[in-house]
Amino acid sequence: MRLSVHAAGLVSLLAGLTNAIEVDFSSDDSVKQAASTVAFGLLKYYTGNNTGDVPGNLPDPYFWWEAGAMFGTLVDYWFYTGDSTYNDVTMQAMQHQAGEDSDFMPQNQTRTEGNDDQGFWAMAAMSAAENNFPNPPADQPQWLALAQAVFNEYVTRWDPQTCGGGMRWQIFTFNNGFSYKNSISNGCFFNIASRLARYTGNQTYADWAEKVWDWMTEVKFIDDDFNIYDGAGVDQNCVDINKAQWTYNAGIFLQGTAMMYNYTDGNSTWKTRLDGLVNRTVNFFFDDGIVVERPCESFNLCDFDQQSFKGYLMRWMASASQMAPYTFETLMLLVQSSAAAAAQQCSGSPPAPAYKGPAGTACGFKWTAKANFDGLAGVGEQMSALSALQYTLVKKQAIKAPVTADTGGTSVGNVNAGRPVEDYMPSIPMITTGEKVAAGFLTTAIAFSVAGASFFVMKE
């Protein structure tokens, strides 16, 4: 993971400041217009639809997982605004990155792919199923089946041999981070399982959601006060916990827990868990009603990944408020106040390539700075502001709510989708007898060459 060196001071000096995007939050049309402006600036970063580029990929310095997060945001953008401008590019990207085996493990990413990377694309597909996003052609990977494929592969990666369970951060042993188990990877598992349970009604998914939750609390990645910590190494049996608390870890479990509350018709155990997460999220991550990325924001140390996290919290808070309507006033009040601050930050005019959208519409990162543009601009900042704006369109008694298979969902599933991780391991071809003989001749030749060179050196 690369550190983001945005050179905030320099960019701030170069960025011309104009009036922030104006939004009347009492008017859905005004919110939609503001979201459209921010979405236009976001898509200016995307190059995957350019000739010769790879559909679904963002350019450096952005990693593959963030592209999946972006397209998940655009699925919701269509759902809440009704604007289909970006549907074709979203369809193209998600279908291409589904990969050869329809599981979001494409050849261009598999060797370095982590469980969390795969999960963000799967959650985008799950959103497409829940939102009745236009279905792909029948001979192409379907949204529900894609999410099921990733779930099935997660099951095969559950690792009870270390720390009593949980998934590792990385999929393959040869990647840095394989010895680390973290909340975001297991959060992806929990989130997808809970949403599949609600969408399909299949208890197996719910059982796995419960299992992930239980493990998270057993190893104290979720503590008694509902703090959610980053993770720990398996070499010390997950006891030496990295206690950084990120907005996206809180959010991913918040949404999943609300899904389980909804799926279980308000089960008291899940309500207690949801109440705990809501209270801790509200009390820890907000300053005067505005979301803050605690581990890095005040120190100006948030990297490119971390600059996108708060947008996911906005998404999952809004979703939780629909799945558990009693939380609506608490959660959506904070989404709305954060969105108002984010809109004020959308006032920058950094020079290209930092921003290629219209002048005065680049969105900054530090929403607590309000109209004082902080000089930061990028995919994470623009996507987070878009998220905050569009999720204010969520209503308590929404007619348009995420569907299930029984309430109008049309996406086709496949309970047997996915492949075991062993199928993706690089294979070493068998060495033939001829190749062994050739190698022997080559070794002998090299040996004679070295010996000859040594003779001439010694002779001189």
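Note that the numbering runs from 1 along the sequence shown for the chain.
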task: Might you point out which heavy atoms bring Phe104 and Ala125 nearest each other, and give the distance in Å?
output: CE1-CB, 3.9 Å

task: Ignoring hydrogens and angles, state whether a donor on the side chain of Gln345 or Glu381 is under 3.5 Å from an acceptor on the partner side chain.
output: no

- prompt: Nearest 0.5 Å, what's the CZ-CH2 distance between Phe285 and Trp246?
  reply: 9.5 Å

message: When you measure from the centre of the six-membered ring of Tyr80, is the NZ or CZ of Lys395 closer than 6.0 Å and no more than 45° off the axis?
response: no

query: For Gln107, does the CD atom have more than 12 heavy-atom neighbours from other residues, nucleotides or ligands under 6.0 Å away?
result: no

query: Aromatic rings Phe151 and Trp208: how do their planes relate, parallel, tilted or perpendicular, breaks at 30° and 60°?
result: perpendicular

- line: For Met323 and Arg198, the nearest pair of non-hydrogen atoms, with its separation, is SD-NE, 3.2 Å

task: Indicate yes or no: at least one non-hydrogen side-chain atom of Asp305 is less than 4.5 angstrom from one of Trp65.
output: yes

field: Donor-acceptor contact below 3.5 Å, side chain Gln33 vs main chain Asp28
entry: no

message: Could you check whether Lys366 and Asn372, counting side-chain N and O atoms only, form a donor-acceptor pair closer than 3.5 Å?
response: no

task: Answer yes if the side chains of Thr368 and Asp287 hold a donor-acceptor pair under 3.5 Å, and no otherwise.
output: no

Candidate pair Arg419 and Asp103, rule salt bridge (charged side-chain N to carboxylate O under 4.0 Å, His left out), full reasoning: CA-CA 8 Å; Arg419 295 177 64 189; Asp103 59 355; 6.0 Å; no

field: Nearest heavy atoms of Tyr229 and Lys220, plus distance in Å
entry: CD1-O, 3.6 Å

- request: In plain terms, say whether Asp288 and Lys370 are close enough for a salt bridge, that is, a side-chain N and a carboxylate O under 4.0 Å apart.
  value: no

message: Is it the case that the side chains of Thr247 and Glu293 hold a donor-acceptor pair, with the cut-off being a distance below 3.5 Å and no angle test?
response: yes

- prompt: Got a salt bridge between Asp83 and Lys32, using NZ or NE/NH1/NH2 to carboxylate O under 4.0 Å?
  reply: no

query: Would you call the rings of Trp158 and Phe189 parallel, tilted or perpendicular if under 30° counts as parallel and over 60° as perpendicular?
result: perpendicular

- prompt: Is it the case that more than 12 heavy atoms not belonging to Asp159 sit under 6.0 Å from its CG atom?
  reply: yes

- request: Establish, from distance only, whether the side-chain atoms of Arg157 and Gln118 form a donor-acceptor pair under 3.5 Å.
  value: yes

query: Can you check whether Ser194 reaches Thr257 side chain to side chain, under 4.5 Å on heavy atoms?
result: no

- prompt: Centroid-to-centroid, Tyr261 to Tyr326, below 6.0 Å?
  reply: yes

query: In terms of ring plane angle, is the pair Phe221 and Trp215 parallel, tilted or perpendicular, where the classes change at 30° and 60°?
result: perpendicular

statement: Shortest non-hydrogen pair, Ala149 vs Ala417, comes out as CB-CB, 3.5 Å

query: Would Tyr46 and Phe71 count as a ring-ring contact (aromatic ring centres under 6.0 Å, His included) if you check the C-alpha gap in whole Å, the side-chain angles of each, and the deciding distance to 0.1 Å?
result: CA-CA 11 Å; Tyr46 181 59; Phe71 289 110; 5.3 Å; yes

message: Whether the Arg168 and Asn115 side chains hold a donor-acceptor pair (N or O, under 3.5 Å, no angle test) is what I'd like checked.
response: no

query: Between Phe309 and Tyr248, what is the ring plane arrangement, given parallel below 30°, perpendicular above 60°, and tilted in between?
result: parallel

task: Determine whether the side chains of Gln255 and Asn191 contain a donor N or O and an acceptor N or O closer than 3.5 Å.
output: yes

For Gln322 against Pro402, the heavy-atom pair lying closest together: OE1-CD, 3.5 Å

query: Is it true that the side chains of Thr404 and Thr407 contain a donor and an acceptor less than 3.5 Å apart?
result: yes

query: Hey, are Tyr312 and Ser308 close enough side-chain-wise for a donor-acceptor pair under 3.5 Å?
result: yes

- prompt: What's the shortest heavy-atom distance between Thr73 and Ser387, and which atoms?
  reply: CG2-OG, 3.7 Å

task: Step through it carefully: locate the ring centre of Phe133, locate the ring centre of Phe79, and say whether they are under 6.0 Å apart.
output: no

task: May I ask you to check whether Tyr205 and Tyr263 place their ring centers less than 6.0 Å from one another?
output: no

task: Kindly assign one of parallel, tilted or perpendicular to the pair Phe174 and Phe172, based on the angle between their ring planes and the thresholds 30° and 60°.
output: parallel

- prompt: Any luck finding a side-chain donor-acceptor pair between Tyr154 and Ser185 under 3.5 Å?
  reply: no

